[in-house]
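What follows is a single structure, written as structure tokens, with notes after it.
Only this structure's heavy atoms are used, side chains among them; waters, hydrogens and symmetry mates stay out. It should be emphasised that the depicted structure is a prediction, and the values quoted were computed from it without experimental measurement. The first residue of the sequence shown is numbered 1, and numbering continues consecutively from there. All ligand and atom numbering here is 1-based and tracks the order in the structure.
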Amino acid sequence: MRKKLIAANWKMNNAPEGAYDASSPFHANTEVDVVVFPTLLDIRDCNDAQIITGAQYACIEETGAHTGDVCMSQIAAAGCRYILCGHSERRKDHGETNEYVALQVITALEHNLHPILCVGETEEERDAGKEKDIVTAQLSGIPLESDITIAYEPVWAIGTGKTATPEQAEEMHAYIRSLLPEDKRETTKILYGGSMKPENAAELLSQPNIDGGLIGGASLKPDSFGQIVQIASR
Ligand code: PGA
């Protein structure tokens, strides 16, 4: 049985009120793994509050003249355990290509950071029936034999209130699982992301190949996030 993982992606938002309280839902519990992706500026406060953290991005270079960037070793030294690689907003806003994202995953592993690789198609790509081709291309070059987590986040469902149906999500998750090397099929977690909220979490999280969620909007509301964590604990 894969333990569920519920991840909060705070994106470029401040920590929600009460996030650092001992009773906040952002703390890991025995039933569910919980990880928070705050801005770089909030990582220390999260860690001080005993919240398990990841960074939303890191550069593949080791050091040097890269204004505005941080590298994987700095992220690891800051106490992060996880790193998001290839979130669709990074791919779109910063031109991250499949090749660059694959290098990020490899570099993260070299620094003992656990990568959560984000994949997913746009609405046009789904309308054209190309969603599996797109995801296959995003997974090519990724060391799938390593310990990584994959997040299927259809771009059309992110921040839009439109969620993939449990059937659409499960179909893609099962497809992704079929691409994993045999000895990783049972253990690799595949999260769903895209407008997950308390109202739809139970149905999504009960699908056999959905092992958790990467939560954006609803992670900024501790009540909603807490409800999702509760649902995942069942
Ligand atoms: P959302 O974001 O839950 O607001 O759709 C998910 C994500 O971008 O990771």
Mind listing the side-chain donor-acceptor pairs of residues 34-52 below 3.5 Å, one per line with the distance, residues two or more places apart or on another chain?
from	atom 1	to	atom 2	distance (Å)
Thr39	OG1	Leu41	N	3.3
Asn47	OD1	Thr53	OG1	2.8
Asn47	ND2	Ala78	O	2.8

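- Residues with a heavy atom under 4.0 Å from ligand 1: Asn9, Lys11, His87, Glu153, Ala157, Ile158, Gly159, Gly194, Ser195, Leu214, Ile215, Gly216, Gly217.
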Contacts under 3.5 angstrom, residues 193-203 side chains, donor-acceptor by atom type, not counting sequence neighbours:
from	atom 1	to	atom 2	distance (Å)
Ser195	OG	Ala157	O	2.7
Ser195	OG	Gly161	N	2.9
Asn200	OD1	Lys197	N	2.8
Asn200	ND2	Thr163	OG1	3.1
Asn200	ND2	Ser195	O	3.0

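- Side chain of His87 to backbone of Glu89: a donor-acceptor contact under 3.5 angstrom is found.
- Neither side chain, Gln138 nor Asn98, offers a donor N or O lying under 3.5 Å from an acceptor on the other.
- With hydrogens and angles ignored, the 3.5 Å screen pairs no side-chain donor or acceptor of Asp21 with any backbone N or O of Ser23.
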Check residues 143-152 and write down every donor-acceptor pair under 3.5 Å in which the side-chain atom is one partner and the other belongs to a residue at least two apart or another chain.
from	atom 1	to	atom 2	distance (Å)
Ser146	OG	Pro143	O	3.4
Asp147	OD1	Lys184	NZ	2.6
Thr149	OG1	His114	NE2	2.7
Tyr152	OH	Glu121	OE1	2.9
Tyr152	OH	Glu121	OE2	3.0
Tyr152	OH	Arg126	NH2	3.2

